[in-house]
Every structure is written in structure tokens, then in C-alpha cells.
Amino acid sequence: MGPTILDLVEMPHLRLKLRAGGKGVDRRVTWAQASDLDTPWEWMTGGELLMKNGRTLPADVDGQLALLRGLADHDTAGVILGMDPDTPELHSAAVDAADVMGLPIVIAPFSVGFAAIGRAVAEANMSDEGRRLAMTERVYTLIQRSVLRSGRGGILDQLSRELRCRLVLLDADTGVPVLDGSSAPPERLRRAVVDLVAQRGGALPGVLHLDDAGMRGQIVEVPDEDPTVLVTYDFRSTPPDLVLLQHVATAAAVLLVQQDIRREHRRRLGAETLANLLDLRLGEYELSRQLQEAGLPPERAVLVAVRGGSTTGERHLHLSLDRHRIPNLLLRRAGLLYALLPATPAPITVLRRRLGTDAMIGISDPLVSASRAPAAVREANWAVRDAENTAEHVSRYADATLLSVLRDADEAQLVVDRVLGDLLAYDAAHATNLTETLDIFLRLDKSWQSTAQQVGVHRQTVAYRLRRIEEITGRNLATTAHTAELWLALRARDLVSAPESAAGGAHQPAL
């Protein structure tokens, strides 16, 4: 057992004096913690003796009362104030409050350093420290056994029994358990954790204390790619100390890495399944069976095409989707990331958060049947190009501009042939790029200067090319109707000219 406050006061060499809170002198001290923070309890788990530089004591009575109440509410054993010439006066109201709360306030003379007090506590706690080290060793032994016996669940249950409390690993944004096979915490606790983390903007101190209508818990950050927290609750006696909790959080990160390895294997198998679908390598029955097994029945799945965005985020996208319990198949082809996902808003939210707002996202109509996969590829490619014209960089094929005119690839090809046929033939015959110049010119709102800069030619060259385009197509770029017709034809060309390998050809799994 650790020393009491009274034990420390009675050590002659420390020359400590009790100033207030005499009812709490029998409190046991688990550790001596020096801190000059305004909210030091965010880095303590209870039972610590706070050693505070006297000059950092709030000078006003309200500040002193707030400090003492915060310490008492988080089971701090007591507070030592190191006196120096700049230490403010301890107000009588603060003394009275400490007496009522039974929170010992001890005065340390200027000549006694905190190191001496800390050493005294440590020496008195040698037996407890041995127990802490034994428990830490036990934690890592359990983790090692879990790694060696991959796939065996219940590791958090074993740790919970060792620490005499309940443990759960949660996604910090949603409160969803992130370790396969682990049970969910009480719903009220889950909501309270999410709300508390959100209030902090995701920036967590050493330990975040939770007290929601009598439901107490501790929240510690877990080092992982996605925001993750270790939550302890349902304590049988006192909560685990912070050092041990952080060891558990580090060990839990090892479990998540092990789980991610298994998910990476599943992702690679999923990439093959999606390639089989897009290329129609298997029959309708077999493809449908594979999609059902993947949790993506065709009638409730959409194909998403993504261009750009964070490459690091793409590497970890499957982990984020799995964490949110979202079935997914991912495949990278011809400069695009393809994802078969449920036709609900949640997957798109995860995509945007993981890949960033710069990523262009195009969403097909529902797949409906495996045999419609090539059409879904064209729809997703159409939509991802249209995403450049939307504020959120997300476009759905069903909502894309002018879609009522171009409902399928055959209609789109007719428009391309009628409006751009001569221009495309001219480019092919003369090795020119007039069609691309026209596309850039219209995308840049008919700005000659901006087009010249993007194409890398002089402004007069752009003017010459546009005149040739008008001559070849028979359409006047100063006429709204003609401009709209050309724009529609260019977008129709996007629809029918999907990347060469999007439906048949070489592919690579998403990184």
C-alpha cells in the first residue's frame, strides 16, 4: 500500500505542513505528479499527489476554487504547493472548500524540492510498483499470445479481468467497436464517449475522464491510422493508473495492426472479385454469388469511381470502410480507384474523409445485376468527370447535367458522331489536338488567356485553333445554342470513352 498524506507530513526531512483538508490525510498516495497545468487531472487517473509550483496557483478565489474542485472530482489524493516569494495568498474560501471536500492542501517550503517528495512517495510505493510492473508484463504476455494464436478473440475480456474493469476499443468518431469479435459497450457510454471526444476536437489529453449520470469511465488515445480510443468503465474498485492504461493502449495498437493484416488479405481477394465483375470473366450466377458473399447484393450496390485525392488515405481506405462495417470491393485501374459499395450515404462520407475534399467522386446507378457491370463503369466514369463541375466534387450519374438526353452509351455515341465526328477525324488525320483545346476552353468558361496558359501556347494560337474548330464543326462559339451542343457532345465523349482498361485489361489492386 502507498503512503498516506499524513505519512508524508510526518517525514521530518520533507518539512511539509498541512494547510487544509485535514479530513483527507488518510488518503493513500499512488504517485507524486508535478504539473502547472490549469487542468492537471487530464493527465492523472486518481490517487496522485499533485505537486504544484506556488507561483502558478490562481491568484483569484474563483480560480483557486475551480482548481480544488477539479482535483477533488477526479479523486486526487492531495495537492502540495511549493512556496516561493511569488506564491499568491491562499484565500480563506479555498481553505474552507478544501476542508469540506477533505482535499489535503500541503505546503512545501521553498528549500525542499519536488524531487525529494517524489522520491519519498516512490520509495514508499516500491511494493506497489512491483505489482504494476508485474501487471504490465502480464498485459504484454496476453498480447503476445494473441499474436501467436492469430484469430483467437476475447483478448479484451482477459485484460478486463486482469484490470478489474471493462475495456473496449472504439472508433473515436462513431463509437463503434473496432476490434473484431469484441462486444459493444452500453449505448449511453458509447454516445457519451463520442460527444466528449467531439467536444475536444479529437485532441485528447493523457486521460479523459467520463462521468455521465453516474456512469464513470476513462478514455485514452490509441496510436492508430484512424482515430481510436481505449475506454475503461465498470470499475470494481479504483480505475487503473495512467501508466498502465497507456501500456494497454500501446498493446491494443498491436492487436489492430494484426487485424489490419487480415483485412489487407481480404482486400486483395476483393480486388480480384471486382476485376472478375468488371470484366465479366465469370457467369452471372457465380458473380452474383460472390457479390452476395461480399455483402454487396447487386440491387443495393453502386460502382464508385474516384480520381485524385490522398494516396496515403487510399492505402488505408479499406481499413476505414471495414471499421465502419461497410462492405467494399476496391480496385485501381487506368488512373482511377473503383469501389463497389452499398448505395447509402455512409460510404461516400468515409471516402471524402479518407481521400480528402480534392478527390473527384462519381457514383453509378445501382448495379441491379452482375451483367450490367460494364454499363456501371461507363456511368461512374461519366459521373467522376462531371464531379469537376460540382462544388462538393461528388456527382451521381442519375443527377448529372443533361442526363435526360444521354441515358446510355448508344445515344451518347450518336451525339459524338453528329457534333464532333468531323473534328475528331481531323485530329486523327493531322495529329492535332483541337478537340482537347475545345474541351479545355469550355471548361475554363471560354477564357482565351487561361486556355493558353493550360495548353502551353500563345493566346493567338488558341484564337487560331478556335477558328479552325468553328470551321470544321460548323458551329459558332459565340452562339449559346452551339456552345451548349458542343459541351454536350464533349460530355457524351467522356461517357463512351471510358479508360481503356476500366472494363477489360490490366489492373492493379488499390494500394
Side-chain angles (χ1 to χ4, degrees), residues 4-6 8-9 14-118 121 192 195-213 216-221 239 241-242:
T4 65
I5 297 292
L6 184 60
L8 296 175
V9 171
L14 297 181
R15 291 182 287 149
L16 303 176
K17 293 183 179 180
L18 183 67
R19 179 70 175 83
K23 290 191 301 183
V25 293
D26 291 331
R27 292 188 179 189
R28 295 285 177 181
V29 179
T30 60
W31 193 249
Q33 174 75 45
S35 174
D36 290 329
L37 297 173
D38 294 333
T39 55
W41 49 84
E42 292 183 342
W43 303 93
M44 303 187 298
T45 57
E48 294 92 347
L49 175 63
L50 174 66
M51 300 184 295
K52 190 170 184 63
N53 188 332
R55 69 177 64 187
T56 64
L57 179 71
D60 61 293
V61 63
D62 290 340
Q64 292 181 6
L65 288 173
L67 174 65
L68 297 179
R69 287 170 183 154
L71 293 172
D73 288 345
H74 292 87
D75 299 322
T76 305
V79 57
I80 287 183
L81 297 177
M83 292 292 102
D84 64 34
D86 295 324
T87 298
E89 177 186 358
L90 189 62
H91 292 277
S92 59
V95 173
D96 293 342
D99 286 336
V100 171
M101 293 183 291
L103 178 69
I105 300 177
V106 179
I107 304 301
F110 184 64
S111 58
V112 175
F114 285 168
I117 300 171
V121 172
D195 292 343
L196 195 55
V197 173
Q199 291 171 14
R200 295 278 179 158
L204 301 185
V207 60
L208 200 54
H209 297 273
L210 171 67
D211 192 347
D212 182 78
R216 299 175 59 209
Q218 297 170 304
I219 305 170
V220 178
E221 187 176 30
D241 65 48
L242 178 58

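Taken to the nearest 0.5 Å, the CG atom of L16 stands 11.0 Å off from the CG atom of L6. Separation of atoms CG (L208) and CH2 (W41) is listed at 12.5 Å; rounding is to 0.5 Å. Of the inter-residue distances, the one linking L14 atom CG with I80 atom CD1 reads 7.5 Å to the nearest 0.5 angstrom. The structure places CE of M83 at 4.0 Å from CD1 of I107, a figure rounded to the nearest 0.5 Å. One finds the CG atom of D60 at 9.0 Å from the CG atom of L65 (value rounded to the nearest 0.5 Å). The CZ atom of R55 lies 9.5 Å from the CG atom of D36; values are rounded to the nearest 0.5 Å.
A pairwise comparison of heavy atoms in G102 and K23 identifies CA-CB, 4.1 Å as the closest pair. The minimum heavy-atom distance linking P104 with L18 is given by the pair CB-CD1, 4.1 Å. The nearest pair of heavy atoms linking V207 to M44 is CG1-O, 3.1 Å. What you find for G118 and A32 is that their closest heavy atoms are CA-CB, 3.9 Å. Closest approach of A20 and A98 over heavy atoms only: CB-CB, 3.9 Å. Between K52 and S35, the shortest heavy-atom contact is CG-O, 3.7 Å.
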Test salt bridge (Lys or Arg N to Asp or Glu O under 4.0 Å) on R200 and E42 and set out the steps. CA-CA 12 Å; R200 295 278 179 158; E42 292 183 342; 2.2 Å; yes
Determine, step by step, whether T87 and L81 satisfy the side chain to side chain contact (heavy atoms under 4.5 Å, CB included) criterion, reporting the C-alpha distance in whole Å, the side-chain angles of both residues, the deciding distance to 0.1 Å, and the verdict. CA-CA 9 Å; T87 298; L81 297 177; 5.7 Å; no
Tell me which donor-acceptor pairs under 3.5 Å the side chains of residues 66-76 have, and how far apart each pair is, sequence neighbours excluded?
{"unit_1": "H74", "atom_1": "ND1", "unit_2": "G70", "atom_2": "O", "d": "2.8"}
{"unit_1": "D75", "atom_1": "OD2", "unit_2": "R216", "atom_2": "NH2", "d": "3.1"}
{"unit_1": "T76", "atom_1": "OG1", "unit_2": "L71", "atom_2": "O", "d": "3.0"}

Please set out all donor-acceptor pairs under 3.5 angstrom arising from side-chain atoms of residues 108-117, sequence neighbours excluded.
{"unit_1": "S111", "atom_1": "OG", "unit_2": "R15", "atom_2": "NH2", "d": "2.8"}

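Residues V95 and L90 have side chains in contact (heavy-atom distance under 4.5 Å, counting atoms from C-beta outward). Side-chain contact between V197 and L204 is present, with heavy atoms from C-beta onward closer than 4.5 Å. In this structure, N53 and D84 have side chains that are in contact, with non-hydrogen atoms separated by less than 4.5 Å. In this structure, L210 and L196 have side chains that are in contact, with non-hydrogen atoms separated by less than 4.5 Å.
Checking side-chain atoms of Q64 against main-chain N and O of E89 turns up a donor-acceptor pair under 3.5 Å.
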